[in-house]
Amino acid sequence: MTTARSPQTLEELLCRAYQMAGLSIGQLAAGLGLPVPNNLKRDKGWIGQLIEQELGAQAGSRPEQDFLHLGVELKTIPIDAQGKPLETTYVCVAPLMNVSGMRWEHSLVKHKLERVLWIPVEGDRNIPLAARRVGTPVLWSPNQDEEQLLRQDWEEILELIALGQVSTLTARHGEVLQLRPKAANAAAKTECIMEDGTVGLTNPRGFYLKIPFTSAILRQAFGY
DNA sequence: GGGTGATCATGG
DNA sequence: CCATGATCACCC
């Protein structure tokens with residue numbers, strides 16, 4: 001397989017992203033010499049990694065933006081025939097310990113979402129994986145309203161974590177940002193604050209963007 | 001275990 | 001029908 005050179009400028013990154021638009025997953029994979037799995041059941045992050053490679057994102061699992069030197073986070077997002085996201089969007093892991101004194105301005109959520117390059121990809125499961133097409137990219141930064149919504153949810157969730165309410169926090173909390181399990185399986189444990197202030201163990205959690213929020217981002221970008 | 005990339009699959 | 005809670009693969 002080829003290792004794409006990392007884009008040096010935002011313009012170059014966008015140019016490459018636009019060049020992918022309209023191509024199929026099969027075409028991209030062929031160009032990179034990668035076999036296409038029959039489905040994503042055992043390869044859930046495969047499309048994301050394919051797009052990363054095509055655009056020359058740094059591989060690795062650092063809790064950082066994909067294009068740190070450009071200040072851009074890359075997100076592929078599965079959409080239906082109407083352009084509506086089919087899934088929530090993972091943002092980052094949530095801190096469950098030492099959260100007192102944390103501020104939105106320094107949060108990983110804010111940092112990751114400061115500038116996102118959205119790559120829509122057809123996601124209907126009745127379309128064979130190789131036939132699914134890549135859509136037009138969207139470079140997005142939260143406007144004032146969007147950031148306020150994110151901030152409110154983040155602050156509310158962090159407050160509950162600090163109060164030892166992790167076990168009562170569900171994905172229903174938050175208008176646009178939700179907290180959900182994020183782990184290999186339900187057996188994975190990490191430290192958290194308990195209601196009585198002691199340290200306990202719980203399933204690791206991540207922050208996710210709810211579908212109506214990302215749907216609105218795409219809708220505004222494409223004007224429908 | 002903690003992080004990345006996410007989608008799966010079923011209960012409400 | 002679809003969002004929530006669970007899970008998959010890989011890296012370190």
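Per chain, numbering begins at 1; letters A, B, ... match sequence-line order.
- Nucleotides of DNA chain B nearest to A/Ala184 and A/Asn39 differ in position, and the one nearer the 5' end is that of A/Ala184.
- Partners of A/Asp145 under the side-chain hydrogen bond (donor to acceptor under 3.5 Å, both in side chains) rule, at least two apart in sequence or in another chain, do not exist in this structure.
- Atom CD of A/Glu155 sits in a crowded spot, with more than 12 heavy atoms from other residues, nucleotides or ligands closer than 6.0 Å.
- For the segment residues 75-84 of chain A, residues with any heavy atom less than 4.0 angstrom from an atom of DNA chain B are, sorted by number, A/Lys75, A/Thr76, A/Pro78.
- Atom OG of A/Ser100 sits about 8.5 Å away from atom CE of A/Met102, to the nearest 0.5 Å.
- In this structure, NZ on A/Lys112 lies 11.5 Å from CG on A/Leu209, to the nearest 0.5 angstrom.
- Computed from coordinates, the A/Ile51 CD1 to B/dA6 P distance equals 9 Å when rounded to whole Å.
- Against DNA chain B, the stretch residues 94-132 of chain A makes heavy-atom approaches under 4.0 Å through A/Lys112, A/Arg125.
- Positionally, the nearest nucleotide of DNA chain B for A/Ala187 lies more toward the 5' end than for the other of A/Asp43 and A/Ala187.
- Residue A/Phe207 contributes atom CZ, which lies 15 Å from atom C1' of B/dG3 at whole-angstrom precision.
- The SG atom of A/Cys92 sits 13.0 Å away from the NZ atom of A/Lys110 when rounded to the nearest 0.5 Å.
- Residue pairs meeting the ring-ring contact (aromatic ring centres under 6.0 Å, His included) criterion with at least one partner in residues 163-193 of chain A, sequence neighbours excluded, do not occur; the list is empty.
- Among the protein residues, A/Leu86 comes within range of no part of the nucleic acid, since none of its heavy atoms lies under 4.0 Å from any strand.
- Atoms CD1 and CD1, on A/Ile51 and A/Ile77 in that order, are 13.0 Å from each other to the nearest 0.5 Å.
- Atom CG of A/Asn38 has 12 or fewer neighbouring heavy atoms from other residues, nucleotides or ligands inside a 6.0 Å radius.
- Atom CG in A/Leu209 sits about 12 Å away from atom P in B/dG5, given to the nearest Å.
- A close approach under 4.0 Å does not occur between any side-chain nitrogen or oxygen of A/Tyr90 and OP1 or OP2 of B/dG5.
- Distance A/Ile211 CD1 to B/dT7 C1': 12 Å, rounded to the nearest Å.
- A/Glu191 comes within 4.0 angstrom of no nucleic acid atom, judged by non-hydrogen atoms across all strands.
- Within a 6.0 Å sphere centred on CD of A/Gln144, heavy atoms belonging to other residues, nucleotides or ligands number 12 at most.
- Counting any heavy atom pair closer than 4.0 Å across all strands shown, A/Gly45 reaches a base atom.
- As rounded to whole Å, 11 Å separates atom P of B/dA9 from atom CG of A/Leu40.
- The listed nucleotides are C/dT7, B/dG3, B/dG2; the one nearest the side chain of A/Pro63 is B/dG3.
- For A/Leu50 and B/dT7, the CG to C1' distance is 16 Å, given to the nearest whole Å.
- When rounded to the nearest whole Å, the span between CD of A/Glu52 and C1' of B/dT4 equals 8 Å.
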Output a table of nitrogen or oxygen pairs between the protein and nucleotides 4-6 of chain C separated by less than 3.5 Å.
residue	atom	partner	partner atom	Å
C/dT4	OP1	A/Ala171	O	3.3
C/dT4	OP2	A/Gln178	NE2	2.9
C/dG5	OP1	A/Arg172	NH1	3.1
C/dG5	OP2	A/Ala171	N	3.0
C/dG5	N7	A/Arg180	NE	2.7
C/dG5	O6	A/Arg180	NH2	2.9

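- Using modelled atom types, one finds a donor on one side chain and an acceptor on the other under 3.5 Å when comparing A/Glu147 with A/Trp104.
- Atom CG of A/Asn98 has 12 or fewer heavy atoms from other residues, nucleotides or ligands within 6.0 Å.
- Remark: A/Thr168 engages A/Gln165 in a side-chain hydrogen bond (donor to acceptor under 3.5 Å, both in side chains) (not counting sequence neighbours).
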